Amino acid sequence: MTAAAGNAPIILTLPDGSSREYLGTVTAAEVAADIGPGLAKAALAGEVDGALVDLDLPITESCQFRLITTRDENEALELIRHDAAHILAMAVQELFPGTQVTIGPVIDDGFYYDFAREEPFSLEDLDKIEQKMKEIVKRDVPTRREVWDRDEAADHFLEMGETYKAELIRDLPAGEEIRVYHHGDWHDLCRGPHLMSSGKIGSAFKLTKLAGAYWRGDAKNAQLQRIYGTAWRDKKELKAYLTRIEEAEKRDHRKLGKEMDLFHIQEEAVGMVFWHPKGWSLYQEVEQYIRRAQRERGYQEVRTPQLIDRKLWEASGHWDKFRENMFTSNADEKDLALKPMNCPAHIEIFKQGLKSYRELPLRMAEFGCCHRYEPSGALHGLMRVRGFTQDDAHIFCTEEQILSETKEFVDFLFSVYRDFGFEEVRVKFSDRPDVRAGSDDIWDRAEDSLRGALEQTGLEFEMNPGEGAFYGPKLEFVLRDAIGRDWQCGTLQLDFVVPGRLGAEYVGEDNDRHTPVMLHRAIFGSFERWIGILIENFAGRFPLWLAPTQAVVTTIVSDADEYATALAEKLKARGIRVGLDTRNEKINYKVREHSHAKIPFILVAGRREADEGTIAVRRLGSKEQQVLTIDEVVDMLTAEATAPDVARQQSA
RNA sequence: GCCCUCGUAGCUCAGUGGUAGAGCGCACCCUUGGUAAGGGUGAGGUCGGGUGUUCAAUUCACCCCGGGGGCACCA
């Protein structure tokens, strides 16, 4: 439509299919007012062909049109948070003149704004800023939008001392309109849209944390001060959010790890885990499960050295591409490195003896203990450590076998995740990174075959550009836990580079020597991280087969001690991890204590049970008791404590 | 690694410029009690490490180590 079409009517098609006609231009606010005064008051913004617009932005062409109110959750939150970020910037500049504003986007659950200021903000400042924001909201400052000339805008912000804003303007795409939003006396460069006044965001917001953040996300740039906040449609939502955060903190694996006596980490071994008996029991259960599963799927388990000569890492390419992350040592005038990965060692095993194509695919697994020098700021409980054990394996195969091996692995991975209770899994495909080994030609082939194999599995996937390993493209498997958080665990990486660099070969059908393709793969990723995820997913209330202590037998009176001891022995003989508590304490006290310890079953013996040959069974999370005979309880516990894979085999 | 923040008993935490306190836990004694805390007594701390200021530092300042929240990193 051209500008001359001023006399042609504009037709707005509403979500219910009805339409409204206007002559000249119209604004979303006017449409709302036309429909009714209630809507005029409730409207936050308009939506024109799927894009949010200011209520007062003139609409000049026919379009699909919708009014946004607080009922439209996603859009309303987006608008409220965006405005909250602006009001935050406004408050900061009122309180701390000379502070530069940069960017302030909406994020999950809230917003942040990055500021440039010499002096750091303190937590007390955060309170002051929040108070000032409330004041600005109360003032209900009206919003005004202006479109500026690019150069004038850049000069203007530069004159104000807002060098970051000026830089942003300079870098905006040529066609982009330069918009400046005024909130009272204050103004900022912004794409919009915004609510019509500061009062519209309501009072359900809160500043949450203070952090450093690099300008444009690059550690080479200046570090800015970021203020995070959360904002919601009403107080009830805000409270629900804060409660949700508290609940997540309660299942923090570091807190539960201490409470449940599973593991600890201390100063003298930063980023490395001391597994306590209970944590190690859990670990062992997980390891034995995956060992059985791998054996079942045709993997051979191996074990390779921790400390390997620099020469091997040079040959594999790690010394060049990965040196910064490797722990090194030195002996016999040789440079040694703790292995950060197992692959070169597995290739060295592959190279022993002449291999035939008939031996492929050869699946070599190792619960390989690796060390990586992670930046101190990256460490996080079990989730990010410097010493960890992978459920690692390398599949040596031909190019033709990539497809079937990929399918087989994906099937394997999903079955394992299901056994641990994870049903929701996403797949990401990562292609060539900037720093890489191997020619573009090889990368083309590797990416094509891995993507092709993935497509054949029928799984949906998203692209993750530039995130591949230095030796090849990879698939990443991301699972969702019980409270909706995503964890990247499994991976499948295709490698056309390293086997060749280390001289791995097999004799083909044609009697020529060929370099095998290698698939690096892991399902848990690392045991440490996997167990951290399990702790948080189950909030420490593990399924019986994983629980470090599966049951405690305890007594009401000491006359039942002998009986309880005999039962505990019997359960132990059947492979149940059972505790015995004959302390001279009241039953209330013991039930409370073992419930807090998240023991799945408390088996209580009093005089009655001892006389009748029964036991009172109390399951964690239930107040009910069930009186069973000894045989019944032994059968029930052994059945429920059976690992899912073993149970499947037994019933087959 | 960078920014902010924290470090006191086994755990959770209070506190002070004059060498420290609670609850839980632990030990011992009394209590034998039927499903989420029975009572009493007692032990336990170089206040993360170092340097400085001070008559005097756990307290104030600076440095280091470690934890937490972010950023960057996650090959």
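Bear in mind that the values here come from a model prediction, so they are computed numbers and not experimental data. When reading the values below, keep in mind they use all heavy atoms of this one structure, side chains included, and skip hydrogens, waters and symmetry mates. Quick note on labels: first sequence line is chain A, next is B, and so on, each numbered from 1.
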A/Tyr228 near the nucleic acid: base, sugar-phosphate alone, or nothing, with a heavy-atom cut-off under 4.0 Å?
-> sugar-phosphate
Nearest-angstrom distance from the residue atom CG of A/Asn221 to P of B/C3 = 15 Å
Using the P atoms only, state how far B/G23 lies from B/A14, rounded to an integer number of Å.
-> 16 Å
With C1' as the reference atom in both, quote the distance from B/C71 to B/U54 in angstrom, rounded to an integer.
-> 40 Å
Nearest-angstrom distance, C1' atom, B/C13 to B/U58 = 16 Å
Sugar-phosphate only, base, or nothing, as touched by A/Lys255 at under 4.0 Å among non-hydrogen atoms = nothing
Could you work out the separation of B/A20 and B/G66 based on their C1' atoms and round it to a whole Å?
-> 24 Å
Starting at atom CG of A/Leu379, determine the distance to atom P of B/G70, rounded to an integer number of angstrom.
-> 14 Å
Under 3.5 Å, is there a donor-acceptor pair linking the side chains of A/Glu624 and A/Ser622?
-> no
Just checking A/Arg618: base, sugar-phosphate only, or nothing, at a heavy-atom cut-off of under 4.0 Å?
-> base
Give the rounded distance in Å between these two atoms: CD of A/Gln223 and P of B/C73.
-> 13 Å
Contact class for A/Glu609 vs. all strands (heavy atom < 4.0 Å): base, sugar-phosphate, or nothing?
-> base
Which class fits the ring pair A/His371 and A/Phe327: parallel under 30°, tilted 30 to 60°, perpendicular over 60°?
-> perpendicular
Just checking, is any N or O donor in the side chain of A/Gln93 or A/Glu162 under 3.5 Å from an acceptor N or O on the other one?
-> yes
Take atom CD of A/Gln488 and atom P of B/C74, then tell me their distance rounded to the nearest Å.
-> 12 Å
Which is true for A/Tyr214 with a 4.0 Å heavy-atom rule: it touches a base, it touches only sugar-phosphate, or it touches nothing?
-> base
Rounding to the closest angstrom, what is the interatomic distance between B/C26 and B/C64 at atom P?
-> 41 Å
Reckon A/Lys209 touches a base, only the sugar-phosphate, or nothing at all at heavy-atom distances under 4.0 Å?
-> sugar-phosphate
Counting any heavy atom closer than 4.0 Å, what does A/Lys258 reach on the DNA or RNA strands: base, sugar-phosphate only, or nothing?
-> sugar-phosphate
Using a 4.0 Å heavy-atom cut-off across all strands, classify A/Asn588 as base, sugar-phosphate, or nothing.
-> sugar-phosphate
Do the numbers put A/Arg81 on top of the ring of A/Phe111, so that NZ or CZ is under 6.0 Å from the six-membered ring centre and no more than 45° off the axis?
-> no
Contact class for A/Gln625 (heavy atom, under 4.0 Å): base, sugar-phosphate, or nothing?
-> base
For nucleotides B/G10 and B/G48, find the distance between their P atoms and express it as a whole number of Å.
-> 13 Å
5'-most contact on RNA chain B: A/Ser122 or A/Asn325, nearest heavy atom basis?
-> A/Ser122
With respect to the phosphate group of B/G25, does any side-chain polar atom (N or O) of A/Tyr589 fall under 4.0 Å of OP1 or OP2?
-> yes
Assign A/Ala219 to base, sugar-phosphate, or nothing according to its heavy-atom contacts below 4.0 angstrom with the strands shown.
-> sugar-phosphate
May I ask you to say what A/Glu259 touches in the nucleic acid, namely base, sugar-phosphate or nothing, with a heavy-atom cut-off under 4.0 Å?
-> nothing
Indicate, with a heavy-atom threshold strictly under 4.0 Å, whether A/Ala378 touches base, sugar-phosphate, or nothing.
-> base
Side chains of A/His394 and A/Asn342: do they bring a donor and an acceptor to under 3.5 Å?
-> no
Is the shortest side-chain N/O distance from A/Arg529 to OP1 or OP2 of B/C74 below 4.0 Å?
-> no
Figure out the CD/C1' separation between A/Gln225 and B/C3, and round it to whole Å.
-> 8 Å
Side-chain (A/Glu374) to main-chain (A/Arg384) donor-acceptor, under 3.5 angstrom | no
Looking only at side-chain atoms of A/Val270, point me to the closest of B/G66, B/U32, B/A36.
-> B/G66
Position toward the 5' end of RNA chain B (nearest nucleotide), A/Glu267 or A/Glu593 | A/Glu593
Can the positive tip of A/Arg451 be found less than 6.0 Å from the middle of the six-membered ring of A/Phe429, inside 45° of the ring normal?
-> yes
Mind calculating the distance between CD (A/Glu268) and P (B/G49) to the nearest angstrom?
-> 13 Å
What nucleic acid atoms does A/His596 come within less than 4.0 Å of, heavy atoms only: base, sugar-phosphate, or nothing?
-> base
Please determine, by modelled atom types, if A/Tyr563 and A/Glu609 share a side-chain donor-acceptor pair under 3.5 angstrom.
-> no
How many Å lie between CD on A/Glu585 and P on B/U35, as a whole number?
-> 16 Å
Look at A/Lys250 together with A/Glu247 and state whether they make a salt bridge at an N to O cut-off of under 4.0 Å.
-> yes
Pairs counted as Watson-Crick or G-U wobble with both distances under 3.5 Å: what dot-bracket string results for RNA chain B, using | for bases tied to another strand?
-> (((((((..((((....[..)))).(((((.......))))).....(((((..]....))))))))))))....
How close or far is atom C1' of B/G69 from atom CD1 of A/Ile107, stated in whole angstroms?
-> 13 Å
A/Ala213 side chain, from C-beta outward: closest of B/G34, B/G69, B/C71 = B/C71
Indicate yes or no: at least one non-hydrogen side-chain atom of A/Asp391 is less than 4.5 angstrom from one of A/Phe367.
-> yes
Would you mind classifying the nucleic acid contact of A/Arg607 as base, sugar-phosphate or nothing, using non-hydrogen atoms under 4.0 angstrom?
-> base
